[in-house]
Every structure is written in structure tokens, then in C-alpha cells.
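Quick caveat, the model's predicted, so the values are computed rather than measured.
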Amino acid sequence: MIIEVKPGEIGGIVEAPSSKSFTQRYVLYSAFSGKPVTLRNISYCDDELIAIDIAKSCNAHIEYQKRDIKITPDFKCPKKNLCW
């Protein structure tokens, strides 16, 4: 891709979407490591929501603040759900 930038006056705010892969890793890292994390600009895609559910199943407390989440971990091994 080639982009030409010319001098001028513009203004505004640009919010880049979160990296789903990094978001999932940070959510799980926080849940398993015991280190609280605040993640910003979450897109709440299916993959991110699954990672959040896994964190919750390990006893992490999740606070939702619009497009941000605060994860406070308290790791407990989740019970196995055996389906036969």
C-alpha cells in the first residue's frame, strides 16, 4: 500500500481495534498469573468472550467499563465438566 501525506489541518480521535490474539493472551495471563490487568478498547468478539469466560471459570473477577475490562484474579482450578 502506498500512502501520500500532504500538509494540512485535521483533527479527531482514531481508535484502532484491539488485537484479538493479544487480548485473549492478556486475559488468560491475568487469570492464571495472579496479576491484575486493565485492558482497553476490547472488541468483545467471540474469541475474546471465550477467553473471558475461561478466566471467570478460574475465579477471576471481571469489571466491564464500556470497551475496557478490569481483571482481578483469584485463581482456583475450575471443576472439570465431563460429558459422556
Partners passing side chain to side chain donor-acceptor pair (under 3.5 Å) against [X] (at least two apart in sequence or in another chain):
{"X": "Asp53", "value": "none"}
{"X": "Asp47", "value": "none"}
{"X": "Tyr64", "value": "Lys56"}

Are the side chain of [X] and the backbone N or O of [Y] linked by a donor-acceptor pair below 3.5 Å?
{"X": "Glu48", "Y": "Ser43", "answer": "yes"}
{"X": "Asp74", "Y": "Asn59", "answer": "no"}
{"X": "Asp68", "Y": "Asn41", "answer": "yes"}

Subject >> Residues that Asp46 engages under side chain to side chain contact (heavy atoms under 4.5 Å, CB included), provided they are two or more places apart >> reply: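 Residues passing side chain to side chain contact (heavy atoms under 4.5 Å, CB included) with Asp46: none at all.
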Using distance only, find each side-chain donor-acceptor pair of residues 30-39 under 3.5 Å and give its atom names and separation, not counting sequence neighbours.
unit_1	atom_1	unit_2	atom_2	d
Ser30	OG	Lys35	O	2.9
Ser33	OG	Tyr29	O	2.8
Ser33	OG	Lys35	N	3.2

Look at the side-chain heavy atoms of Ile, Leu, Val, Met, Phe, Trp and Tyr, link any pair under 4.5 Å apart, and say whether [X] and [Y] land in one connected group.
{"X": "Ile54", "Y": "Leu49", "value": "no"}
{"X": "Ile50", "Y": "Ile71", "value": "no"}
{"X": "Phe22", "Y": "Ile52", "value": "yes"}

Subject >> side-chain contact (heavy atoms from CB on, under 4.5 Å) between Ile69 and Tyr44, intermediate numbers included >> reply: CA-CA 10 Å; Ile69 59 173; Tyr44 296 109; 3.4 Å; yes
Subject >> Exercise: identify the closest heavy-atom pair between Ala55 and Val27 >> reply: CB-CG1, 3.9 Å
Subject >> Inter-residue atom distance Lys70.NZ - Thr72.OG1, 0.5 Å rounding >> reply: 5.0 Å
Original post:
Got a sec, which hydrophobics cluster with Ile2, joining ILVMFWY side chains under 4.5 Å apart, including via others?
Top reply: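 Answer for Ile2: none, a lone residue.
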